[in-house]
Amino acid sequence: MSLLSVLVPLLRVYYIGLRVILHQLHRRLHPRCPPAPVFPTQDGKVAIVTGGAKGIGYQTVKHLARLGMHVIIAGNNESEGQEAVKKIQEETLTRKVEFSYCDLTSMKSIWQFVQRFRAKNCPLHVLVNNAGVMLVPERKTEDGFEEHFGLNYLGHFLLTNLLLDILKQSGTHSDNARIITVSSATHYVGKLHLNDLQSRCSYSPHGAYAQSKLALVLFTYQLQHLLTANGSHVTANVVDPGVVNTDLYKHVFWVVKVVKWMTAWLLFKTPEEGASTTIYAAVSLEMEGAGGCYLYNEERTKSADIAYDEELQRRLWTESCKMVGITDKSIRVP
């Protein structure tokens with residue numbers, strides 16, 4: 001492994017992170033103060049939020065529950081998940097929150113989660129692919145995938161495909177079901193290595209993380225293309241929460257941890273602020289029927305140029321199907 005193969009992705013990720021932080025600081029010092037969005041009630045609707053026990057996911061679950069939606073937290077920590085359910089129920093005065101175990105690093109666990117959900121015989125109106133890891137040391141998932149690619153991307157790819165038929169049945173012409181996937185600005189500096197998606201040739205945590213976030217954007221665009229071609233009443237959008245003060249930074253350099261500890265109150269978004277674009281994509285009237293969008297600060301914006309490469313989108317989709325053991329025809333469930 002060469003020094004450049006580690007240093008270049010690192011510099012790219014910190015460069016894009018610094019740009020986002022400066023943009024957030026400018027917004028904080030020069031607030032536009034638009035009126036707070038008013039979202040319609042969501043009574044009778046059902047949502048699944050991965051990684052909903054803490055951080056951005058927790059705030060997403062809490063807000064959706066407060067709007068009247070029944071929300072299922074999909075997570076890999078039972079005690080943490082049940083504690084989140086209890087807190088949200090107390091804060092929102094609703095019982096419409098529950099936890100269901102789902103380890104996104106295990107294909108078997110994802111299948112089992114979907115089987116339990118199917119047994120409920122209930123609809124699914126919103127799927128939020130929120131869970132993720134960042135800059136973890138080189139390690140593999142239960143199925144042998146590099147962890148960033150396996151958890152951040154492949155786990156959500158499989159989960160989404162397995163739930164598509166329920167989402168299609170739940171959406172209507174005037175009220176589409178919605179798939180929201182959380183990516184990040186690091187996708188702008190990500191490189192997709194189709195011949196080495198597992199980063200076996202040279203591992204860089206920064207490069208692997210950025211690649212997983214780029215894969216999520218490519219996946220969303222291809223998913224929306226297929227949904228539109230099938231005439232499905234389901235939309236797929238990808239959101240960028242910004243740089244948010246969460247627990248994801250445990251693997252960054254100690255210097256970065258110190259700087260974060262000293263400046264996060266000013267430079268970083270709170271988890272509630274970070275969740276705002278996800279919530280907007282999930283329930284706003286403005287996003288009804290709109291798919292294939294990249295959203296940042298509750299506005300549609302342009303993603304990386306490479307993310308619009310339709311051939312790359314198709315190739316990644318095909319390769320992903322092979323990796324998780326499903327067929328391309330999975331999308332065509334009526």
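The figures that follow rest on heavy atoms only: side chains count, while hydrogens, waters and symmetry mates do not.
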- Test log, rule salt bridge (Lys or Arg N to Asp or Glu O under 4.0 Å), inputs Glu310 and Arg315: CA-CA 9 Å; Glu310 294 182 0; Arg315 291 176 64 193; over 6 Å; no
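- Residue Asn129 is tested with Asn152, Thr278, Thr160 for a side chain to side chain donor-acceptor pair (under 3.5 Å); the sole match is Thr160.
- A salt bridge does not link Glu80 with Lys86: every distance from a Lys NZ or Arg NE/NH1/NH2 to an Asp or Glu carboxylate oxygen is 4.0 Å or more.
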- Item | side chain to side chain donor-acceptor pair (under 3.5 Å) between Ser232 and Asn230, worked out | CA-CA 5 Å; Ser232 303; Asn230 291 336; 4.7 Å; no
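- Expressed to the nearest 0.5 Å, how far OG1 of Thr60 lies from CD of Glu272 amounts to 10.0 Å.
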- Message: side chain to side chain contact (heavy atoms under 4.5 Å, CB included), that's the test. Do Lys269 and Asn297 meet it? Break it down for me.
- Response: CA-CA 11 Å; Lys269 289 184 178 181; Asn297 288 332; 2.7 Å; yes
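- A distance-only check finds no donor-acceptor pair linking the side chain of Ser183 to the backbone of Asp240 [under 3.5 Å].
- Asp103 contributes no side-chain N or O that, together with a main-chain N or O of Ile110, makes up a donor-acceptor pair within less than 3.5 Å.
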- Residue pair Ser184, Thr186: steps toward the side chain to side chain donor-acceptor pair (under 3.5 Å) verdict: CA-CA 5 Å; Ser184 109; Thr186 54; 2.5 Å; yes
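- Taking the ring centre of Tyr58 as origin, the terminal cationic atom of Lys87 falls inside the region bounded by 6.0 Å and 45° from the ring axis.
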Let me check something: any side-chain donor-acceptor pairs from residues 214-221 under 3.5 Å, sequence neighbours excluded? List them with distances.
{"from": "Thr220", "atom 1": "OG1", "to": "Leu216", "atom 2": "O", "distance (Å)": "2.9"}
{"from": "Tyr221", "atom 1": "OH", "to": "Ser303", "atom 2": "OG", "distance (Å)": "2.8"}

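- By the 30° and 60° cut-offs, the orientation of the rings of Phe157 relative to Tyr153 is tilted.
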- Can you list the steps and then say if Lys54 with Asn77 is a side chain to side chain donor-acceptor pair (under 3.5 Å)? CA-CA 11 Å; Lys54 57 186 179 180; Asn77 188 315; over 6 Å; no
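- His148 approaches Leu135 most closely through the heavy-atom pair NE2-N, 2.8 Å.
- Between Arg139 and Glu146 there is no salt bridge, since no side-chain N of the basic residue sits under 4.0 Å from a carboxylate O of the acidic one.
- Taking the charged nitrogens against the carboxylate oxygens, Lys45 and Asp175 do have a contact shorter than 4.0 Å, which makes a salt bridge.
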- Hey, mind stepping through Arg32 and Glu298 against salt bridge (Lys or Arg N to Asp or Glu O under 4.0 Å) and telling me if it holds? CA-CA 13 Å; Arg32 291 183 298 170; Glu298 298 163 48; over 6 Å; no
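- Atom NZ of Lys302 has more than 12 heavy atoms from other residues, nucleotides or ligands within 6.0 Å.
- Using a 4.0 Å cut-off between a side-chain N of Lys or Arg and a carboxylate O of Asp or Glu, Arg28 and Glu273 qualify as a salt bridge.
- Note that CG of Asp196 is 7.0 Å distant from OG of Ser202, once rounded to the nearest 0.5 Å.
- Leu295 CG to Ser276 OG: the interatomic distance, rounded to the nearest 0.5 Å, is 10.5 Å.
- Of all non-hydrogen atoms in Val97 and Val85, the two that sit nearest each other are O-CG1, 3.5 Å.
- Using a 4.5 Å heavy-atom cutoff, the side chains of Glu98 and His70 are in contact.
- Using a 30° and 60° split on the angle between ring planes, Tyr14 and His206 fall in the tilted class, from 30° to 60°.
- The distance from the OH atom of Tyr296 to the OG1 atom of Thr301 is 9.0 Å, given to the nearest 0.5 Å.
- What you find for Pro123 and Phe117 is that their closest heavy atoms are O-CZ, 3.6 Å.
- Arg178 contributes a side-chain N or O that, together with a main-chain N or O of Ala281, makes up a donor-acceptor pair within less than 3.5 Å.
- No donor-acceptor pair closer than 3.5 Å links the side chain of Lys191 to the backbone N or O of Gln211.
- Asp143 contributes no side-chain N or O that, together with a main-chain N or O of Phe145, makes up a donor-acceptor pair within less than 3.5 Å.
- Inspection of the His193 and Ser199 side chains reveals no N or O donor paired with an N or O acceptor under 3.5 Å.
- Rounding to the nearest 0.5 Å gives a distance of 4.5 Å between SG of Cys293 and CZ of Arg300.
- Scanning both residues, Pro241 and Gly274, for their nearest heavy atoms gives CB-O, 3.4 Å.
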- Would Gln24 and Val243 satisfy side chain to side chain contact (heavy atoms under 4.5 Å, CB included), going step by step from the backbone distance to the final call? CA-CA 8 Å; Gln24 291 178 181; Val243 177; 3.9 Å; yes
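- Salt bridge Arg118/Asp165: present, at least one basic N to carboxylate O contact under 4.0 Å.
- At least one donor-acceptor pair under 3.5 Å links the side chain of Asn176 to the backbone N or O of Thr172.
- Checked by atom type and distance alone, the side chain of His30 pairs as donor or acceptor with a backbone atom of His26 at under 3.5 Å.
- Transitive grouping of hydrophobic side chains (ILVMFWY, heavy atoms separated by less than 4.5 Å) brings Ile180 and Met287 into a common cluster.
- Aromatic rings of Tyr209 and His187 (six-membered ring for Trp) have centroids beyond the 6.0 Å cut-off, not under it.
- Of all the heavy atoms in Leu154 and Val324, the pair that sits closest is CD2-CG1, 3.9 Å.
- Checked by atom type and distance alone, the side chain of Gln224 pairs as donor or acceptor with a backbone atom of Ala236 at under 3.5 Å.
- For Glu138 (side chain) and Pro205 (main-chain N/O), no donor-acceptor pair under 3.5 Å exists by modelled atom type.
- Checking side-chain atoms of Thr41 against main-chain N and O of Asp43 turns up no donor-acceptor pair under 3.5 Å.
- Here the shortest heavy-atom pairing between Leu285 and Pro40 reads CD2-CG, 4.0 Å.
- Under a hydrophobic-cluster definition in which Ile, Leu, Val, Met, Phe, Trp and Tyr are linked whenever side-chain heavy atoms come within less than 4.5 Å, directly or via other members, Leu159 and Val182 are assigned to different clusters.
- The CG atom of Asn245 sits 13.0 Å away from atom CH2 of Trp265, with the distance rounded to the nearest 0.5 Å.
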- Task: Begin from the C-alpha positions of Trp317 and Leu226 and carry the test side chain to side chain contact (heavy atoms under 4.5 Å, CB included) through to its verdict.
- Result: CA-CA 11 Å; Trp317 185 280; Leu226 294 169; 3.8 Å; yes
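- Residues Val46 and Phe39 do not share a hydrophobic cluster, defined by chaining ILVMFWY side chains whose heavy atoms lie under 4.5 Å apart.
- Salt-bridge annotation for Glu319 and Arg314: absent, with no side-chain N of the basic residue lying under 4.0 Å from a carboxylate O of the acidic one.
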- Task: Any chance you could lay out the side chain to side chain donor-acceptor pair (under 3.5 Å) test for Ser100 and Arg116, step after step, and finish with the verdict?
- Result: CA-CA 8 Å; Ser100 184; Arg116 289 195 304 275; 3.2 Å; yes
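- Tracing side-chain contacts under 4.5 Å through hydrophobic residues (I, L, V, M, F, W, Y), one never reaches Val13 starting from Val8; they form parts of separate clusters.
- Ionic pairing of Lys140 and Glu147 is not present here: no N-O contact between side-chain nitrogen and carboxylate oxygen is shorter than 4.0 angstrom.
- In the hydrophobic cluster analysis, where Ile, Leu, Val, Met, Phe, Trp and Tyr join through side-chain heavy atoms closer than 4.5 angstrom, Ile48 is grouped apart from Val128.
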